[in-house]
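Worksheet: one structure, shown below.
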2 protein chains.
Amino acid sequence: MPASAVEAKQNLTAEAWAEAALDAIANGGLDAVAVEPLARSLGVTKGSFYWHFANRDALLRAALARWEQAETDDIVARIGPEPDPYARIVKLFKAANASYRAGRLYLAIAAAEDKPVVQAFVRRVSERRMNYLYDCYCALGFAPALARHWARFAYATFMGNLQIGRDTPDLMPTDAEFSEYVKLMIKTLIPRSASAVAGQDHPSFSADPVSSGATGD
Amino acid sequence: MPASAVEAKQNLTAEAWAEAALDAIANGGLDAVAVEPLARSLGVTKGSFYWHFANRDALLRAALARWEQAETDDIVARIGPEPDPYARIVKLFKAANASYRAGRLYLAIAAAEDKPVVQAFVRRVSERRMNYLYDCYCALGFAPALARHWARFAYATFMGNLQIGRDTPDLMPTDAEFSEYVKLMIKTLIPRSASAVAGQDHPSFSADPVSSGATGD
DNA sequence: GTCTATCCATACGCTTGCGTATGGATCAAG
DNA sequence: CTTGATCCATACGCAAGCGTATGGATAGAC
């Protein structure tokens, strides 16, 4: 009995292959999506793969589609039913640092933007996220031009924190210090004294939405 | 007469190979550093390469060392003789968005942090840059803990802007709007009403160091 | 002019991964 | 029990890239 990562070599699905491909991307980048190594890690051979997919590119597209779907689900599932735009940004910020794998996936996929297949996926996901932020800032009372700047600013900070957490994890604090860090960024990136927003009250602020655990997956 | 990219096939140097490797990294990522394709692009064959280098890894190390050196030179050459910490951060911000190739290089190299050879280089360069920012914020009067937070914050924004410029260039403004964007970030990332800094005067602020061209290389 | 060091070309074997072809195993239908 | 469909294994040809071995070309030393 092979005590491998795969217990029973029962029938694999195309989704299983796509998920394995995403795992490979999160670890070794896009080039790690190789048919034969993936088959080995799944406990089967290429024969299985070419039954479910036409070629390597088809697997790549399936994996990217699965990724885009997950990212889109995330953005609405985790912070969907939240009316307050301030709390929405806060939740988005926390969600961005929530999943280690999701961050690595994003960076790895974006790093291969030269491949034309990947480019479209990255653009859609990025634009969707920034548009979400843009809407939040608009809802906060910012003028469109300013809202675009703030949305880009905030999104850049998200992405940069992902990079720092991956490349120099020692420089990223944990626990209480991390909470302070996030609080500082949120306080800075969501200015309440905006030139357009009046003395509006944010009930979620008094509840301190920042200091409720942000790490872990 | 071959009107190739290389006019005369005179003697190549190891530095030429390393520079070509960096070009390859900036375009196709670390995996694009392949001996035979590089040799083709240089107008020679593998025979030349294995005269100058022991193997592919040696070239990679040479290229990364060259990159680290260039990054270190940059940080002191472009903003070295600047006493005012505020202006230092401003210059650093502008330098970060100055060279398109440098940004792509940074992202491409960082994307391969799983390779142990690369990891050390990325860590050194990143830590050096963040320490530079940390010193700036300390000089601005911030307490060490806060200075670390602000330095990380600012650095994350740098990196994120690099990503946005690479992945979704449409979402990155140009010309006057870009200037506004940079001005907003700088104004936000260098708070003058810090809890620790007194009524200190920054002569470079009245000179408006932000609005003097930041694009191009 | 010969000699030697430097730099590169050519040719070979080796590995890895892609894609195809074909057969084997399993299971449900009839 | 046979048949067909589903899922996978095995074996092959092919291309690309690494590393090595060896010889050729050029230039300066003497």
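All figures in this text were calculated on a predicted structure; none of them were measured in a lab. Within every chain, numbering begins at 1; the chains are lettered A, B, ... in the order of the sequence lines, protein sequences first and strands thereafter. Excluded from the calculations below are hydrogen atoms, water molecules and symmetry mates; all remaining heavy atoms, backbone and side chain alike, are included.
In this structure, A:W17 and B:A54 both approach DNA chain D, and ranking their closest nucleotides by distance from the 5' end singles out A:W17.
In this structure, B:F49 reaches neither bases nor backbone, as no heavy-atom distance under 4.0 Å exists between it and the strands shown.
For the pair A:D57 CG and C:dG17 P, the interatomic distance rounds to 17 Å; values are reported in whole Å. To the nearest angstrom, P of D:dC7 lies 12 Å from CD of A:E15. B:F53 has its CZ atom 15 Å from the C1' atom of C:dC8, to the nearest Å. One atom, OH of A:Y50, and another, P of C:dG17, lie 12 Å apart when rounded to the nearest Å. For the pair A:L59 CG and C:dC18 C1', the computed distance is 13 Å after rounding to whole Å. In this structure, A:L12 places its CG atom 13 Å from C1' of D:dT6, rounding to the nearest Å. Following rounding to the nearest Å, B:D31 (CG) and C:dT16 (C1') show an atom-to-atom distance of 14 Å.
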Close N/O contacts between protein and nucleotides 13-17 of chain D (under 3.5 Å):
from   : atom 1 : to    : atom 2 : distance (Å)
D:dG17 : OP2    : B:R40 : NH2    : 3.3

Let me have the donor-acceptor pairs involving side chains of residues 17-34 of chain B, under 3.5 Å, with sequence neighbours excluded, atom names and distances please.
from  : atom 1 : to     : atom 2 : distance (Å)
B:E19 : OE1    : B:R66  : NE     : 2.4
B:E19 : OE1    : B:R66  : NH2    : 3.3
B:E19 : OE2    : B:R101 : NH2    : 2.9
B:D23 : OD1    : B:R101 : NH1    : 2.1

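Checked against the 6.0 Å centroid threshold, A:Y134 and A:W150 do not count as a close aromatic pair.
Remark: B:R129 pairs with B:E71 by the side-chain hydrogen bond (donor to acceptor under 3.5 Å, both in side chains) rule, at least two apart or across chains. Taking the side-chain hydrogen bond (donor to acceptor under 3.5 Å, both in side chains) definition, one finds that A:E68 meets it with A:R124, A:R128, sequence neighbours left out. Checked against salt bridge (Lys or Arg N to Asp or Glu O under 4.0 Å), B:D57 has the following partners two or more places apart in sequence or in another chain: B:R61. Residues satisfying the side-chain hydrogen bond (donor to acceptor under 3.5 Å, both in side chains) criterion with A:N161, sequence neighbours excluded, are A:Y181.
Comparing C:dC8, C:dA9, D:dA9 by their nearest atom to the side chain of B:W51 picks out C:dC8.
Distances shorter than 4.0 Å separate none of the side-chain N or O atoms of B:H52 from OP1 or OP2 on C:dT6.
Using cut-offs of 30° and 60° for the angle between ring planes, the A:Y137 and A:F142 rings count as perpendicular.
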